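Written below as structure tokens is the structure these notes are about.
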Amino acid sequence: MQSTDVRNPVAAGRGATWTGDPPALTGDFAVDRRSTTDWLEAMVHDVDVLPPRAERGEDQQRAVDALHRRARHVRRRFLARHAEALYDDLTDGLTGQLRVDQLTCLAAERYPALVPDRQRMATEARLAQRHKEGWEIDQGLFLHALLDSPRSGSHLLRSMLLPTSRASAAAPEFRRTGRADLALTTVTRRDGIAYLELCNDAYLNAEDDAAVEALETATDLVLLDDASHVGVLRGAAMSHPAYRGRRVFSAGINLTHLYDGRISLLGFLIRRELGYIAKFVRGLYQDDGTGDRWWPTADKPWVGAVDSFAIGGGLQILPVLDRVVAAEDAWFSLPAMAEGLVPGVANLRLAGLMGGRLSRQMIFWGRRLRVGEPEAALLCDETAPVDGMDDAVRRAAEHLDNPAVAANRRVLNLGVEPLEVFRQYMAKYALEQSYRLYSPDLIANLERTWTGRNRERQDGRRD
């Protein structure tokens, strides 16, 4: 029988090397960087020489789990000591503005094995969730340490509020035509109102990495456009048999893509919170040239139009919007426990919006709220008949098209969600969510969901 003793990893796989005890930290950044990355590279090698996760025996997997635990302890210890020095190195003393994906790629180049490199993540991305090694946990450790620092964390949050390169390139054409088609989203300007529609028809407007990218690009276009005074977020009409011709706001996370391993920590779980949702709250930022102060350059009020339902991630958006109009037959749910994930920033925002007790009922017990229930009024400001939604949404947007709104929402957000509170939450979120993404119960939940869906399809064929 193969040994699972981590002091003898050679027994777990041919070619493994024993790296000895973790290096002692001296406090000198350059010395600790060299000794830590050398040690981590050897540990990663010990994992790489074993068969892929899908082909390992139980003893081999226990040995690898033990190697990961030791390596992550070393990563956390190094980052706790040197996160700010590391961030200064990656951003040239806070003069560079890097998004989380750019930051982790550069860190992988300069600090081997501290975080996984681009090639390793590309290989991992091709695997189903249950067969992944879990290298994204190391990205979570990395982001937790950076966000946990007031200095580096605040800088990173504001770097994520810069417009994306895709949006900057598309902005001139949108300004000229008032129309942008980004495949999964469209933006149309009419009478100073920019209507942003999610159009993920194949999945009832569920979100995945591609949808998050399209949503952030579309949000930037609205914020960059001087002729757009108010943004409206709405779901497009569906072709699904149960909702054919009807609009749907959001079905939450794309569980099919999560099962297939196509929901990423950086591109979905972190980007949606630090990207388009954060921009709904704070708008776009730019450095004023001093490197110390950042100023909002474009922030606008937003109206949410909830048709049919707002599930999971769809519900998570509602607390940051300035007005929510819901169809009279719409409903809301937050099935966090069924999915096995932390529901974005809902744990922070819902507690302030509806109190801890109701928040627990929704997050832990899956309570569903329907329009018309007294508690649903905490999630939406007004309701309208299904055939009256267009007019109600337009009236709400026209009301917010007021020069005093921008200043008021900026100071209001200081009390509702201070940047420092958001930073602290996101530091913890990055850590917890990275582990949840690879937790055995989440994998089991996905397997049950997938098996149930296949059974439903088979029953449908027999009928």
Side-chain angles (χ1 to χ4, degrees), residues 161 163 167-168 170-182 185-199 214-236 247 249-250 275-286 295-307 310 314 317-328 330 349 353 377 379-417:
L161 294 177
S168 296
E173 180 68 9
F174 180 71
R175 291 191 187 102
R176 186 180 69 82
T177 65
R179 170 77 181 174
D181 187 341
L182 305 171
T185 59
T186 62
V187 191
T188 306
R189 185 203 321 121
R190 295 194 296 272
D191 300 323
I193 302 170
Y195 294 87
L196 192 172
E197 292 189 359
L198 177 60
C199 316
L215 282 164
E216 184 172 9
T217 301
T219 301
D220 286 350
L221 290 179
V222 175
L223 294 172
L224 289 167
D225 180 40
D226 290 339
S228 297
H229 307 148
V230 181
V232 170
L233 178 66
R234 198 172 187 184
R247 291 179 180 270
F249 186 70
S250 173
Y276 82 88
I277 297 179
K279 290 173 178 178
F280 284 165
V281 179
R282 294 182 171 86
L284 301 178
Y285 271 61
Q286 69 177 9
W295 298 98
T297 58
D299 61 316
K300 295 172 184 176
W302 287 87
V303 175
V306 180
D307 299 278
I317 301 170
L318 303 185
V320 308
L321 303 175
D322 300 289
R323 186 76 171 178
V324 176
V325 182
E328 60 187 3
R349 292 173 177 147
L353 188 67
L379 293 172
C380 64
D381 300 288
E382 65 176 295
T383 62
V386 173
D387 60 2
M389 281 289 288
D390 290 353
D391 288 340
V393 169
R394 176 182 49 77
R395 287 194 300 270
E398 288 174 346
H399 182 85
L400 289 172
D401 187 1
N402 184 308
V405 167
N408 275 281
R409 74 189 302 271
R410 282 195 290 270
V411 294
L412 178 65
N413 284 330
L414 287 176
V416 173
E417 187 178 291

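All values reported here derive from a predicted model rather than from experimental measurement. Values reported hereafter were calculated over all heavy atoms of this structure, with side chains retained and with hydrogens, waters and symmetry mates removed.
Here the closest heavy-atom approach between residue T185 and residue A218 is recorded as OG1-CB, 3.7 Å. Taking every heavy atom of both residues into account, A392 and E382 meet most closely at CB-OE1, 4.2 Å. For the pair I193 and A397, the tightest heavy-atom approach, listed with the atom from each and the gap, is CD1-CB, 3.6 Å. Across all non-hydrogen atoms, the minimal contact from V325 to A396 is CG2-CB, 4.1 Å. Between G231 and V222 the shortest heavy-atom distance is CA-CG1, 4.2 Å. Scanning both residues, G275 and E216, for their nearest heavy atoms gives CA-OE2, 3.6 Å.
A salt bridge is defined here as a Lys NZ or Arg NE, NH1 or NH2 lying under 4.0 Å from an Asp or Glu carboxylate O, and E398 with R395 fails to meet this definition.
At a threshold of 4.5 Å between non-hydrogen side-chain atoms, the residues R409 and K300 do not count as touching. Side chains of Y276 and I317 form a contact here, defined as non-hydrogen atoms less than 4.5 Å apart. Using a 4.5 Å heavy-atom threshold, the side chains of L284 and L161 count as separate. Contact annotation: the side chain of L182 never approaches that of L215 to less than 4.5 Å [non-hydrogen atoms, C-beta and beyond]. Annotation: side chain of L379 is in contact with side chain of L353 (closest heavy-atom distance under 4.5 Å). You'll find the side chain of L223 stays beyond 4.5 Å of the side chain of P163, heavy atoms only. With contacts defined as side-chain heavy-atom distances shorter than 4.5 Å, the pair D226/R175 does not qualify.
In this structure, S168 OG and L221 CG are separated by 9.0 Å, a value rounded to the nearest 0.5 Å. Distance check, rounded to the nearest 0.5 Å: CG of D225 to CZ of R189 gives 4.0 Å. If you take CG on L233 and CZ on F249, they are separated by 4.5 Å, rounding to the nearest 0.5 Å. Within the model, atoms OG1 of T219 and CG of L224 stand 10.5 Å from one another, a figure rounded to the nearest 0.5 Å. With rounding to the nearest 0.5 Å, the separation of CG in D181 from CZ in F174 is 12.0 Å. L196 CG to T186 OG1: the interatomic distance, rounded to the nearest 0.5 Å, is 7.0 Å.
Remark: the backbone N or O of A404 is paired with a side-chain donor or acceptor of N408 at under 3.5 angstrom. Without hydrogens or angle criteria, R349 side chain to L318 main chain gives no donor-acceptor distance under 3.5 Å. In this structure a side-chain-to-backbone donor-acceptor pair under 3.5 Å is present from D381 to V324.
Of the listed residues (R179, R234, R247), just one forms a salt bridge (charged side-chain N to carboxylate O under 4.0 Å, His left out) with E197, and that residue is R247. Among R282, R410, K279, the single residue meeting the side chain to side chain donor-acceptor pair (under 3.5 Å) criterion with D299 is R410.
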